[in-house]
There are 2 protein chains.
Amino acid sequence: METVERLIRSTQELLWERGYVGTSPKAIQAAAGAGQGSMYHHFSGKAELAKAAIERSGVEMRAAAEELLGGAGTAGERIARYLGRERDVLRGCRIGRLTADPEVVADPELRAPVDETFTWLRGRLAEVIAEGKQNGEFAATIDPDRLAATIAAVLQGGYVLARAADSTEPFDLAIQGLLELIEA
Amino acid sequence: METVERLIRSTQELLWERGYVGTSPKAIQAAAGAGQGSMYHHFSGKAELAKAAIERSGVEMRAAAEELLGGAGTAGERIARYLGRERDVLRGCRIGRLTADPEVVADPELRAPVDETFTWLRGRLAEVIAEGKQNGEFAATIDPDRLAATIAAVLQGGYVLARAADSTEPFDLAIQGLLELIEA
DNA sequence: GTCTATATGCCGATAGAC
DNA sequence: GTCTATCGGCATATAGAC
């Protein structure tokens, strides 16, 4: 693999685990097997590299969601499949995690890909929900934008509760509770 | 105010905004108006001070929740009041934020107060939900532990979505969507 | 493109005076 | 209790050779 590619992927992993403040250029270089000079030749610094890594993670997250939300089946089935897919729960969400970082939230260049990813996700979920309303799966009183936000929030909050408990249980409970409400 | 008290409160604020990795003893001392020697006289180091600060935040968060969940009104009213209370949404949750910090999650001493706070919250919500089931407010099919986890997750995830968007809107949508599901 | 050398400053803490 | 001095190490680059 090329050096640039290794740098981006290593940064993705480190940002996921340690966030922006907790990720040093030195650690990135070590993980990528690249030297100091090499990293600074390809990127102007930590911020630019982080931007590339976050954008990449956003693209990957969207693709993974679309695979399930755009697949076969009823709207309810696709949402349930998305909610129930295998996840490395205790590692948390690679994108959501970054919202804890004040440096990411404060920098428009770094926050943009985070924002775009969640805005897309909520919009895509809302589309599927609207579909489900049309064919009578969901009550006509349901507001797609609201329910979409609720679904995305349960996932993000589920990660938080799971990491607090050092157990996937609260995550699973939260998802099951949501499905009970939706399917009732 | 005493020095110890100022140190703890300053640490609470800094942990809220910048997390454990992003909070340095030097910054704590500056915020508390205390010198190096003073801080290390009262606390063995950053970890011990952080533990005291997290415990304090946990106590405060529980008290604030209990005030609404244990107040007057039906179960549904109390939950809606808790969900709808004023929050500094874009600052996120002081406790939930810490789950993004690998050093907090990995250290039993630091994770314990985080875990206890959310475990208490889910338990308390489940009690109120069970009450609501008994007097017919909620369907008999509702599982209190699941719904409690869902409610806590929507709040925590709502903060994440709001900070990503740099807007409280997704938080409000997520809460409204949850209330629509519960009240339906 | 990648390497090594160098730089300023913060990190987290310890030591010992006052 | 609080202060100042000191410490080894890392953070985040920049400079210039190869």
Side-chain angles (χ1 to χ4, degrees), chain A residues 1-56 97-98 100-111, chain B residues 1-56 97-98 100-111:
Chain A
M1 206 190 310
E2 291 162 27
T3 301
V4 168
E5 188 64 17
R6 288 202 315 277
L7 283 167
I8 291 178
R9 296 201 186 172
S10 298
T11 305
Q12 283 182 281
E13 290 300 309
L14 284 163
L15 286 179
W16 190 359
E17 191 181 327
R18 317 200 31 83
Y20 187 76
V21 206
T23 297
S24 69
K26 191 177 181 180
I28 294 170
Q29 291 150 25
Q36 193 100 326
S38 182
M39 192 199 104
Y40 282 100
H41 172 76
H42 295 292
F43 296 92
S44 66
K46 174 175 161 175
E48 191 176 291
L49 185 41
K51 182 166 150 54
I54 297 171
E55 281 169 352
R56 174 73 64 87
R97 193 247 171 273
L98 298 168
D101 244 303
E103 312 228 23
V104 170
V105 170
D107 183 338
E109 295 279 303
L110 296 179
R111 189 176 61 77
Chain B
M1 203 190 310
E2 291 163 27
T3 301
V4 169
E5 189 64 17
R6 289 203 315 277
L7 283 167
I8 291 177
R9 297 202 187 172
S10 298
T11 306
Q12 283 183 280
E13 290 299 309
L14 284 162
L15 285 179
W16 190 359
E17 192 182 327
R18 317 200 30 85
Y20 187 77
V21 206
T23 297
S24 68
K26 190 176 181 179
I28 293 170
Q29 292 150 26
Q36 193 100 327
S38 183
M39 192 197 104
Y40 282 100
H41 173 74
H42 295 292
F43 296 92
S44 66
K46 174 175 163 176
E48 190 176 289
L49 186 41
K51 180 167 152 55
I54 298 172
E55 281 169 352
R56 175 73 66 87
R97 191 251 171 273
L98 298 168
D101 245 304
E103 311 226 23
V104 170
V105 170
D107 183 337
E109 294 280 304
L110 296 179
R111 188 175 62 78

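Residue numbers start from 1 in every chain, and the chains themselves are labelled A, B, ... in the order their sequence lines are given, proteins ahead of strands. Excluded from the calculations below are hydrogen atoms, water molecules and symmetry mates; all remaining heavy atoms, backbone and side chain alike, are included.
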Trainee: Nearest whole angstrom, please: distance from the P of D:dA11 to the CD of A:Glu103.
Mentor: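 Rounded to whole Å, this separation is 14 Å.
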Trainee: For DNA chain D, determine which residues of residues 15-26 of chain A have any heavy atom closer than 4.0 angstrom to one of its atoms, and list them numerically.
Mentor: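 Heavy-atom cutoff 4.0 Å gives A:Thr23, A:Ser24, A:Pro25, A:Lys26.
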Trainee: Of the non-hydrogen atoms in B:Thr11 and B:Leu7, which two are nearest, and what is the gap between them?
Mentor: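 It is OG1-O, 2.7 Å.
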Trainee: Which side-chain N or O atoms in residues 102-111 of chain B pair as donor and acceptor under 3.5 Å with protein atoms at least two apart or in another chain?
Mentor:
{"from": "B:Asp107", "atom 1": "OD1", "to": "B:Glu109", "atom 2": "N", "distance (Å)": "2.8"}
{"from": "B:Arg111", "atom 1": "NH1", "to": "A:Ala164", "atom 2": "O", "distance (Å)": "2.9"}
{"from": "B:Arg111", "atom 1": "NH1", "to": "B:Asp115", "atom 2": "OD2", "distance (Å)": "3.4"}

Trainee: Please step through side-chain contact (heavy atoms from CB on, under 4.5 Å) for the pair A:Arg6 and A:Thr3, ending with a clear verdict.
Mentor: CA-CA 5 Å; A:Arg6 288 202 315 277; A:Thr3 301; 3.8 Å; yes
Trainee: Tell me every residue that passes side chain to side chain contact (heavy atoms under 4.5 Å, CB included) with A:Arg56, counting only those two or more places apart in sequence or in another chain.
Mentor: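 Once residues adjacent in sequence are excluded, the partners of A:Arg56 under the side chain to side chain contact (heavy atoms under 4.5 Å, CB included) criterion are A:Glu5, A:Ile8, A:Arg9, A:Gln12, A:Glu60.
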Trainee: Scan residues 34-54 of chain A against DNA chain D and write down, sorted by residue number, each residue with any heavy atom closer than 4.0 Å; if none is found, say none.
Mentor: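 Heavy-atom cutoff 4.0 Å gives A:Gln36, A:Tyr40, A:Lys46.
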Trainee: Looking only at heavy atoms, what is the nearest atom pair of B:Phe43 and B:Ala52, with distance?
Mentor: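 So the minimum-distance heavy-atom pair works out to CE2-CB, 4.2 Å.
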Trainee: Just list the side-chain donor-acceptor pairs under 3.5 Å for residues 18-37 of chain B, sequence neighbours left out, or say none.
Mentor:
{"from": "B:Arg18", "atom 1": "NE", "to": "B:Gly22", "atom 2": "O", "distance (Å)": "3.1"}
{"from": "B:Thr23", "atom 1": "OG1", "to": "B:Leu14", "atom 2": "O", "distance (Å)": "3.3"}
{"from": "B:Thr23", "atom 1": "OG1", "to": "B:Gly19", "atom 2": "O", "distance (Å)": "2.6"}
{"from": "B:Ser24", "atom 1": "OG", "to": "B:Ala27", "atom 2": "N", "distance (Å)": "3.1"}
{"from": "B:Gln29", "atom 1": "NE2", "to": "B:Pro25", "atom 2": "O", "distance (Å)": "3.3"}
{"from": "B:Gln29", "atom 1": "NE2", "to": "B:Gln36", "atom 2": "OE1", "distance (Å)": "3.3"}

Trainee: Rounded to whole angstroms, how far apart are CD on A:Gln29 and P on C:dG1?
Mentor: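 Between P of C:dG1 and CD of A:Gln29: 18 Å.
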Trainee: Please enumerate all residues that pass side chain to side chain donor-acceptor pair (under 3.5 Å) together with B:Lys46, with sequence neighbours excluded.
Mentor: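 Counting only residues at least two positions away or on another chain, B:Lys46 forms no side chain to side chain donor-acceptor pair (under 3.5 Å).
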Trainee: Answer yes or no: does a side-chain N or O of A:Thr3 lie under 4.0 Å from OP1 or OP2 of C:dT2?
Mentor: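 Yes, such a contact exists.
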Trainee: For A:Leu15 and A:Arg97, work out which heavy atoms get closest and say how close.
Mentor: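 In this case the closest contact between A:Leu15 and A:Arg97 is O-CD, 3.4 Å.
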